[in-house]
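Below is one structure, written out as structure tokens, with a few remarks after it.
As the structure is a prediction and not an experimental result, all values here were calculated from the model.
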Amino acid sequence: MEHSKQTQYSSNEKKDSGSVLNRHFDGMVKRSAGGTARAAAAQPPGAESGSHRPVMESWREDRTRSVEDNEMSLPSLAAAYTTILRGLGEDPQRQGLLKTPWRAATAMQFFTKGYQEKIIADVLNDAIFDEDHDEMVIVKDIDMFSMCEHHLVPIFGRVHIGYLPNKRVLGLSKLARIVEIYSRRLQVQERLTKQIAVAITEALQPTGVGVVIEATHMCMVMRGVQKMNSKTVTSTMLGVFREDPKTRDEFLTLIRS
């Protein structure tokens, strides 16, 4: 696997987002060591304090949906699927489709259940431990299922996560839970990759974080170019994973092994 830039940006502001994220990351590490970091370090170049959401915060998208919301919205979702079936030329009253709108609505709520959970309250609570460990921690080959926000069809693949602790470690299963929460939303792979890296950064304030995702997009396989074997690889590197080629190479070598 070759390390590559994860996004081709269309504006200068977006081109700078990686460096802005890293400056914010550096500020967090310094703050954890007793230094002082200004909140402005988290903002895009030229942004006034309070006038924009910080770049790090903008990747969190910590939206929520309750079980009660699911129950209330289920009838309208099912009705929408009935309309879709009619629009496709089908008869929603025929035997095979009688319960399809309700099944599809329930399935879509499950596919997007990440909107119902918060990283801090539901995942990280009581899962961060003080530990005198400063060697690389890697969890690789985490299965991932998501939904393309452009076509509402599946994305599936594997996520590889590595971080260098800064006296704090996270329960290993929680890394997979972070992947689950962010992937079970309407997504683009580039944003998903960064959200995972930023969540780990904000939770642990480690020395560095690396996230690589390899995924198949059904919008490319089933429609459009219809390339059956195509895979998309994205990466986000923060801290020493971005600044130190040896650390980055060690991470990439280990996830390939």
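Listed for the R185 side chain is no donor-acceptor partner under 3.5 Å among the backbone atoms of T112. Without hydrogens or angle criteria, D69 side chain to S66 main chain gives a donor-acceptor distance under 3.5 Å. Q93 contributes no side-chain N or O that, together with a main-chain N or O of L98, makes up a donor-acceptor pair within less than 3.5 Å. Side-chain atoms of Q226 never come within 3.5 Å of backbone atoms of V221 as a donor-acceptor pair (strictly under, hydrogens ignored). Distance alone, capped at 3.5 Å, is enough to place a donor-acceptor pair between the Y163 side chain and the L170 backbone. Under a 3.5 Å cut-off, the side chain of H150 and the backbone N or O of L152 do not form any donor-acceptor pair. Judged purely by atom type and a 3.5 angstrom limit, H160 uses its side chain to pair as donor or acceptor with the backbone of D141. In terms of modelled atom types and a separation under 3.5 Å, the side chain of R168 and the main chain of A203 share a donor-acceptor contact.
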Go through the steps to decide whether F110 and T106 satisfy the test side-chain contact (heavy atoms from CB on, under 4.5 Å), and finish with yes or no. CA-CA 6 Å; F110 178 79; T106 303; 6.0 Å; no

Check step by step if salt bridge (charged side-chain N to carboxylate O under 4.0 Å, His left out) holds for E117 and R177. CA-CA 10 Å; E117 300 175 284; R177 290 278 286 118; 3.1 Å; yes

Could you give me the CA-CA distance, side-chain angles and deciding distance for S257 and K140, then say whether side-chain contact (heavy atoms from CB on, under 4.5 Å) is met? CA-CA 10 Å; S257 63; K140 66 177 185 176; 3.7 Å; yes

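Judged as a side-chain hydrogen bond (donor to acceptor under 3.5 Å, both in side chains), and not counting sequence neighbours, the contacts of K113 are E180.
Closest non-hydrogen pair, L164 versus F241, comes out as N-CE1, 3.8 Å. Between Q195 and Q187, the shortest heavy-atom distance links the atoms OE1-NE2, 2.7 Å. Of all the heavy atoms in F145 and R184, the pair that sits closest is O-CD, 4.0 Å. Taking all atoms of both residues into account, the shortest heavy-atom contact from T207 to P165 is OG1-O, 3.7 Å. Between I161 and I200, the shortest heavy-atom distance links the atoms CG2-CD1, 3.5 Å. Here the closest heavy-atom approach between residue S235 and residue V212 is recorded as CB-CG2, 3.9 Å.
Considering only heavy atoms from C-beta on, L97 stays 4.5 Å or farther from D91 through its side chain.
Under a 4.0 Å N-O distance rule, the pair K167/D132 qualifies as a salt bridge. Salt bridge status for E149 with R191: present, with a side-chain N to carboxylate O gap under 4.0 Å. Salt-bridge annotation for R158 and E214: present, with a side-chain N of the basic residue lying under 4.0 Å from a carboxylate O of the acidic one.
Taken together through direct or relayed side-chain contacts under 4.5 Å among Ile, Leu, Val, Met, Phe, Trp and Tyr, L172 and V169 form part of one hydrophobic cluster.
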